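Okay, structure first, notes after.
Nothing here was measured: the structure is a model prediction, and the numbers come from that model.
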Amino acid sequence: RGRAIFEGLVSKFPKRGDIWSVYIDLERLVQRRAGNNLPQLRNIFDRVTTLSLSPKVMQGFLTRYMELEKEYGTQQTQQQVHDRAVQYVDQKCAQ
């Protein structure tokens, strides 16, 4: 039920970083307690890091994504987050 509420909120207000942040915090809590939530968390991070957000907000999400991958992921998943960050910077510099 909680996921459905947050999914509705992020689809209605996709650029609200605070909503995404709370959603991620709650999903991380589930991951820490149950340990079976990594695909859901990655999906949320993948979605939020494709949005057109300010550099400061995006930096926060990419940093948190990298922390997640350092804790639970592999070298390959960490590289994917790094590549996503580089792509974002290249995209912003091209504008």
Can you get from [X] to [Y] by hopping between Ile, Leu, Val, Met, Phe, Trp and Tyr side chains that sit under 4.5 Å apart?
X	Y	result
I5	I19	yes
F13	F61	yes
Y72	M66	yes
L26	V30	no

_salt bridge (charged side-chain N to carboxylate O under 4.0 Å, His left out): pairs with one or both residues in residues 30-44, sequence neighbours excluded_ = R42-E69
Quiz: residues 45-53 side-chain donor-acceptor pairs under 3.5 angstrom, not counting sequence neighbours:
residue : atom : partner : partner atom : Å
D46     : OD1  : Y65     : OH           : 2.6
D46     : OD1  : R84     : NH2          : 3.3
R47     : NH1  : E7      : OE1          : 3.4
R47     : NH1  : E7      : OE2          : 3.1
R47     : NH1  : N43     : OD1          : 3.1
R47     : NH2  : E7      : OE1          : 2.7
T49     : OG1  : F45     : O            : 2.7
T49     : OG1  : D46     : O            : 3.4
T49     : OG1  : R84     : NH1          : 3.2
T50     : OG1  : R47     : O            : 2.7

Would you compute the distance between atom [atom1] of [X] and atom [atom2] of [Y] and round it to the nearest 0.5 angstrom?
X	Y	atom1	atom2	result
C93	Y88	SG	OH	10.0 Å
E67	L62	CD	CG	11.0 Å
L38	R28	CG	CZ	9.5 Å
L68	I44	CG	CD1	10.5 Å

*Hey, does R3 have a side-chain heavy atom less than 4.5 Å from the side chain of E27?*
yes
_Heavy-atom side-chain proximity of R64 to D25 below 4.5 angstrom_ = yes
*asked:* Are more than 12 heavy atoms, taken from residues, nucleotides or ligands other than Q59, located less than 6.0 Å from that residue's CD atom?
replied: no
*If you draw a 6.0 Å radius around NZ in K92, do more than 12 non-hydrogen atoms from other residues or ligands fall strictly inside?*
yes
*For residues Q87 and D83, is any side-chain donor paired with an opposing acceptor at under 3.5 Å?*
no
*Shortest non-hydrogen contact between N36 and P39, atoms and distance*: O-CD, 4.3 Å
